[in-house]
Amino acid sequence: MSHTPLLDTVSDPRDIRAMSLEQLEQLAKELRAETISAVSETGGHLGAGLGVVELTIALHYVFDTPEDILIWDVGHQSYPHKILTGRRDRIRTLRKPNGLSGFCKLGESPYDAFGAGHSSTSISAGLGMAVARDLNIALSRRERAGVRALDAPPSPNPLPKGEGFYEVVAVIGDGAMSAGMAFEALNNAGSLGSRLIVILNDNDMSIAPPTGAMSAYLARLISSRPYHKLRDIGKALIEKFPESLARLVRKTEHFARDFAVGGTLFDQMGFYYVGPVDGHNLAHLLPVLKNIKNQKDSGPILLHVVTQKGHGYAPAEAADDKYHGVVTFDVTTGAQKKSVPGAPAYTKVFAQSLIKEAVKDDKIIAITAAMPSGTGLDLFARQFPERCFDVGIAEQHAVTFAAGLATQGFKPFCAIYSTFLQRAYDQVVHDVAIQKTPGALCHRPRRTRRRRRRNTRRFVRHHLSRHTSQFCRHGPC
């Protein structure tokens, strides 16, 4: 007998759109169980996917994917999305040769609208798609009117929905939102005013937690059609008022809404903010998403959803890293089947070597870009918390921050994955190499384990003895 009878009936998202709320809640349990089972066999990213099971179901239930475009930032949380979009029979080929990608991938499925792997790209890509949609609708309107594209400016009236209209939804985590590229996109989207829906998946409760039924009610209220109609009528009326009085009325409306749901930076950037909403409660999530979908004439909207990494799987919830990335594991106990290393990992050797030198030198600083455990600097941070800086997903800032420290006599070791360092090449050249600022830029080269361990110790000693005139671009980590 199948343990996932409801999920067995789903071949694509159309199959879930006729389900009741009770069925959707049962589907969430089965989808979570299937995700855990699959990743226990393949390894991969688990915690992030478990945190968006209900959100994934809700988005595919409310929006007409793949006609409506759904973009997952990074894409490591997309395993439940893959299962619901016709790839369940291949989900146990994740990250294997000729198998499914561990991220969203153009060409793998029409439901994967944009490829990813790095963070913070979803809003920029989504805005590009939204603007392309608006331009196509405007061109179509002109062609029907017999006007050449360059003969007239776009109409100032709201674009008609239908006629090629589709929603664009970008889902981005609170960690990825900290990157500069995300804020560049938010700033541009707010100024353009194109219809774009951004879902902020706050899975660390680092911004604001939902406050129960009242929070859900207020989010549903301010996203509803009656509220927006009343707001539109109010806008039309205040246009007839003297400008001084109109400004006062607008400020009053903003103050009232900010008082109810909390004023945010997103409002100031031109987004209509809704939330926070419990991302694991479908009874709260579905009405808000439906209201947002129905407000098609609005500009950019940001829905703040609070979730928990690893939700619904006790070993993941209890783990410090929420089972962010795992090897194969036992589903019942959560014990990962890690091989016993014959020697310490080179990241640990790097950290221990740096700690040893930092004991003797107060000028040594360690910097990571949201990867403390992957670079070994979590060990350094435990011993020297005031000298270890995790700057978040901000590789460009990390490099130039290190360069600034170096100009003042400190000895920064900036440890960044080589694949992520691609994002900071300009800073490596402009802020480090050209200016010959001293410091060490550490990333992972492809070497044998034995050579890496030996070269790691040698690199740390050599760098500190010379305090080189520019960052080493081929360090040990």
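Note that the coordinates shown come from a computational prediction; the quantities given were computed from them, not determined experimentally. In what follows, every heavy atom counts, from backbone to side chain, and hydrogens, waters and symmetry copies are set aside. Residue numbers start at 1 and run along the sequence shown.
- Between I416 and A398 the shortest heavy-atom distance is CD1-CB, 4.2 Å.
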Decide yes or no on side-chain contact (heavy atoms from CB on, under 4.5 Å) for L421 and V399, but give the supporting numbers first. CA-CA 9 Å; L421 189 59; V399 172; 4.3 Å; yes
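- Between K293 and E167 no salt bridge is recorded (no basic side-chain N to carboxylate O distance below 4.0 Å).
- Note: F266 and Y273 have parallel aromatic rings, judged against thresholds of 30 and 60 degrees for the angle between ring planes.
- For the atom pair CE (M371) and CZ (F420), the distance works out to 5.5 Å, reported to the nearest 0.5 Å.
- Across all non-hydrogen atoms, the minimal contact from F380 to A358 is CE1-CB, 3.6 Å.
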In sequence, state the C-alpha distance, the side-chain angles, and the governing distance for L196 and I301, and then conclude on side-chain contact (heavy atoms from CB on, under 4.5 Å). CA-CA 6 Å; L196 172 68; I301 294 176; over 6 Å; no
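- With Q77 contributing its side chain and G75 its backbone, the two residues share a donor-acceptor pair below 3.5 Å.
- The backbone N or O of T121 lies less than 3.5 Å from no partner atom in the side chain of S124, so there is not a single donor-acceptor pair.
- For the atom pair CG of L379 and CG of L354, the computed distance is 10.5 Å after rounding to the nearest 0.5 Å.
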Given D330 and T333, is the side-chain hydrogen bond (donor to acceptor under 3.5 Å, both in side chains) satisfied, shown in steps? CA-CA 6 Å; D330 182 274; T333 65; 3.2 Å; yes
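- When atom types are taken as modelled, the side chain of S40 and the backbone of S37 share a donor-acceptor pair closer than 3.5 angstrom.
- K82 contributes a side-chain N or O that, together with a main-chain N or O of S101, makes up a donor-acceptor pair within less than 3.5 Å.
- In summary, R88 and D8 engage in a salt bridge, as defined by a charged side-chain N under 4.0 Å from a carboxylate O.
- Between the side chain of E67 and the backbone N or O of F63, no donor-acceptor pair lies under 3.5 Å.
- Taking the six-membered ring wherever Trp is involved, the centroid distance between the rings of F103 and H45 falls below 6.0 Å.
- Pairing each heavy atom of L127 with each of S194, the nearest pair is CD1-CB, 4.5 Å.
- Here T35 contributes atom OG1 and H81 contributes atom NE2; the two are 12.5 Å apart, rounded to the nearest 0.5 Å.
- Looking at Y425 and Q396, their side chains never come closer than 4.5 Å, going by heavy atoms from C-beta outward.
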Take L24 and L286, measure what side-chain contact (heavy atoms from CB on, under 4.5 Å) needs, and give me the verdict at the end. CA-CA 11 Å; L24 292 174; L286 290 173; 3.8 Å; yes
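- Between D361 and K411, at least one side-chain nitrogen of the basic residue sits less than 4.0 Å from a carboxylate oxygen of the acidic one, meeting the salt-bridge criterion.
- By the 4.5 Å heavy-atom criterion applied to side chains, V171 and L70 are counted as neighbours.
- Between E54 and the choices H311, R32, H284, the side chain to side chain donor-acceptor pair (under 3.5 Å) rule is met once, by R32.
- When all heavy atoms are compared, the tightest approach of S122 to D73 is OG-OD2, 2.7 Å.
- Annotation: side chain of S353 is in contact with side chain of V349 (closest heavy-atom distance under 4.5 Å).
- Contact between T56 and W72 at its shortest, heavy atoms only, is OG1-CH2, 3.4 Å.
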Would D12 and R87 count as a salt bridge (Lys or Arg N to Asp or Glu O under 4.0 Å) here? Give the steps. CA-CA 9 Å; D12 64 53; R87 288 169 276 181; over 6 Å; no
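- The side-chain hydrogen bond (donor to acceptor under 3.5 Å, both in side chains) check on N136 picks up nothing, with sequence neighbours excluded.
- Taking 4.5 Å as the limit, some side-chain heavy atom of H280 sits within range of a side-chain heavy atom of T307.
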Is there a side-chain contact (heavy atoms from CB on, under 4.5 Å) between L7 and I83 once you walk through the steps? CA-CA 9 Å; L7 183 60; I83 293 171; 4.2 Å; yes
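- Between I57 and L27 the shortest side-chain heavy-atom distance falls below 4.5 Å.
- Remark: side-chain polar atoms of H118 are paired, donor with acceptor, to backbone N or O of T419 under 3.5 angstrom.
- Of the possible polar contacts, one joining the D15 side chain to the S11 backbone as a donor-acceptor pair under 3.5 Å is found.
- Contact of the D278 side chain with the V306 side chain is not registered, since no non-hydrogen atoms from C-beta on lie closer than 4.5 Å.
- Using a 4.5 Å heavy-atom threshold, the side chains of I71 and V168 count as touching.
- Formation of a donor-acceptor pair under 3.5 Å by the S120 side chain with backbone atoms of A176 is found in this model.
- The main-chain N or O of A370 is found under 3.5 Å from a side-chain atom of D390 such that the two form a donor-acceptor pair.
- Remark: T4 OG1 to Q26 CD distance equals 10.0 Å, nearest 0.5 Å.
- R387 contributes a side-chain N or O that, together with a main-chain N or O of I364, makes up a donor-acceptor pair within less than 3.5 Å.
- Between I367 and F401 the shortest heavy-atom distance is CD1-CD2, 3.8 Å.
- Contacts of A38 classified as side-chain contact (heavy atoms from CB on, under 4.5 Å), with partners at least two apart in sequence or in another chain: I91, R92.
- Atom OG of residue S78 and atom CG of residue L84 lie 11.5 Å apart, to the nearest 0.5 angstrom.
- Atom CG of residue D378 and atom OG of residue S373 lie 5.5 Å apart, to the nearest 0.5 angstrom.
- Residues I172 and N201 form no side-chain contact, since every pair of their non-hydrogen atoms from C-beta on lies 4.5 Å or further apart.
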